[in-house]
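Quantities reported herein were computed from a predicted structural model and do not represent experimental measurements.
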Amino acid sequence: MPAETLTIKTADGSFSAYARGKGPAIIVIQEIFGINQVMRDICDDLAASGYRAICPDLFWRIEPGIELTDQTDAEWKQAFDLFGKFDPDKGVGDIAATIAHARGEGAEKVGAVGFCLGGLLAYLTACRTDCDASVGYYGVGIQDRLGEAGKITSPLLLHIAGKDQFVPPEAQKAILDGLKSNPKVEMHLYPERDHAFARVGGAHYHGEDAETANNRTMAFFETHLG
């Protein structure tokens with residue numbers, strides 16, 4: 001099934017999304033690099049596994065259509081600049097609109113999976129939306145939003161990198177301690193891994209642990225989305 005470009009409407013405008021596949025929907029939440037080849041590949045893999053994968057352009061208010069890699073210092077600088085201007089609360093609203101769009105297409109179940117910035121947004125998606133199951137990889141800043149954890153009503157899976165340069169040990173401890181008693185939350189720690197260990201081609205990619213994390217993610221979605 002060929003890739004599609006969707007237009008998703010919100011109260012304050014509209015934005016595009018990359019979409020592929022059929023079946024239960026999974027919203028793929030970007031890193032700080034926009035909808036790049038890494039995000040499209042994730043969508044394509046999910047589509048090949050029987051899901052409807054939709055990746056919304058969450059930077060549309062700042063620079064719509066931006067596509068960066070992690071391969072140059074200039075792109076990293078631009079990505080961090082976008083991250084600094086980004087409003088996570090509006091981002092969650094856009095994810096909610098994408099979930100609604102997927103349900104409007106006929107999806108009975110909708111999940112979400114996010115990476116880095118998207119990992120934080122996946123956590124907030126579990127707190128604030130009607131998403132049926134959410135997965136966050138090495139989310140940045142979750143420790144500052146633990147006050148919302150009581151609002152989690154659907155399953156949430158978090159992958160935490162033990163040597164994450166953007167999530168220091170005290171932040172990891174706060175997340176683990178703050179969420180361990182919530183029966184809806186499942187967490188896995190990868191003690192020797194750094195940030196973005198599951199990003200294919202990235203500086204800290206670790207094939208074995210990435211495969212372990214991805215297998216856990218797919219089993220989680222099979223359980224909760226079908």
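Between Glu67 and Ile35 there is no side-chain heavy-atom pair separated by less than 4.5 Å. No side-chain heavy atom of Leu124 sits under 4.5 Å from any side-chain heavy atom of Ile142.
Relative orientation of the Phe59 and Phe86 rings is perpendicular, given thresholds of 30° and 60° on the angle between their planes.
Annotation: Phe83 is not in aromatic contact with Trp76 [ring centroid separation under 6.0 Å not met]. Ring to ring, Phe197 and Tyr190 are close: their centroids are under 6.0 angstrom apart.
Just one of Asp89, Asp12, Asp87 meets the salt bridge (charged side-chain N to carboxylate O under 4.0 Å, His left out) condition when paired with Arg61; it is Asp12. The only option from Thr217, Asp209, Thr212 that meets the side chain to side chain donor-acceptor pair (under 3.5 Å) definition with His159 turns out to be Thr217.
Asp81 and Lys85 are joined by a salt bridge, as a carboxylate oxygen and a charged side-chain nitrogen come within less than 4.0 angstrom of each other. Taking the charged nitrogens against the carboxylate oxygens, Arg20 and Asp44 do have a contact shorter than 4.0 Å, which makes a salt bridge. Comment: Lys151 engages Glu148 in a salt bridge, judged by a side-chain N to carboxylate O separation of less than 4.0 angstrom. A salt bridge links Arg103 with Asp132; the closest basic N to acidic carboxylate O contact falls under 4.0 Å. For the pair Glu31 and Arg199, the salt-bridge criterion is met [side-chain N within less than 4.0 Å of a carboxylate O].
Within 6.0 Å of the CD atom in Glu105, the count of heavy atoms belonging to other residues, nucleotides or ligands exceeds 12. Residue-environment remark: CD (Gln37) exceeds the threshold of 12 foreign heavy atoms within 6.0 Å.
In this structure, NE2 on His195 lies 3.5 Å from SG on Cys116, to the nearest 0.5 angstrom.
Placement of Ile175 and Val140 within a single hydrophobic cluster is found when ILVMFWY residues are connected by side-chain heavy-atom separations under 4.5 Å, directly or transitively.
Using a distance-only test at 3.5 Å, with no hydrogens or angles considered, a donor-acceptor pair links the side chain of Asp57 to the main chain of Gly65.
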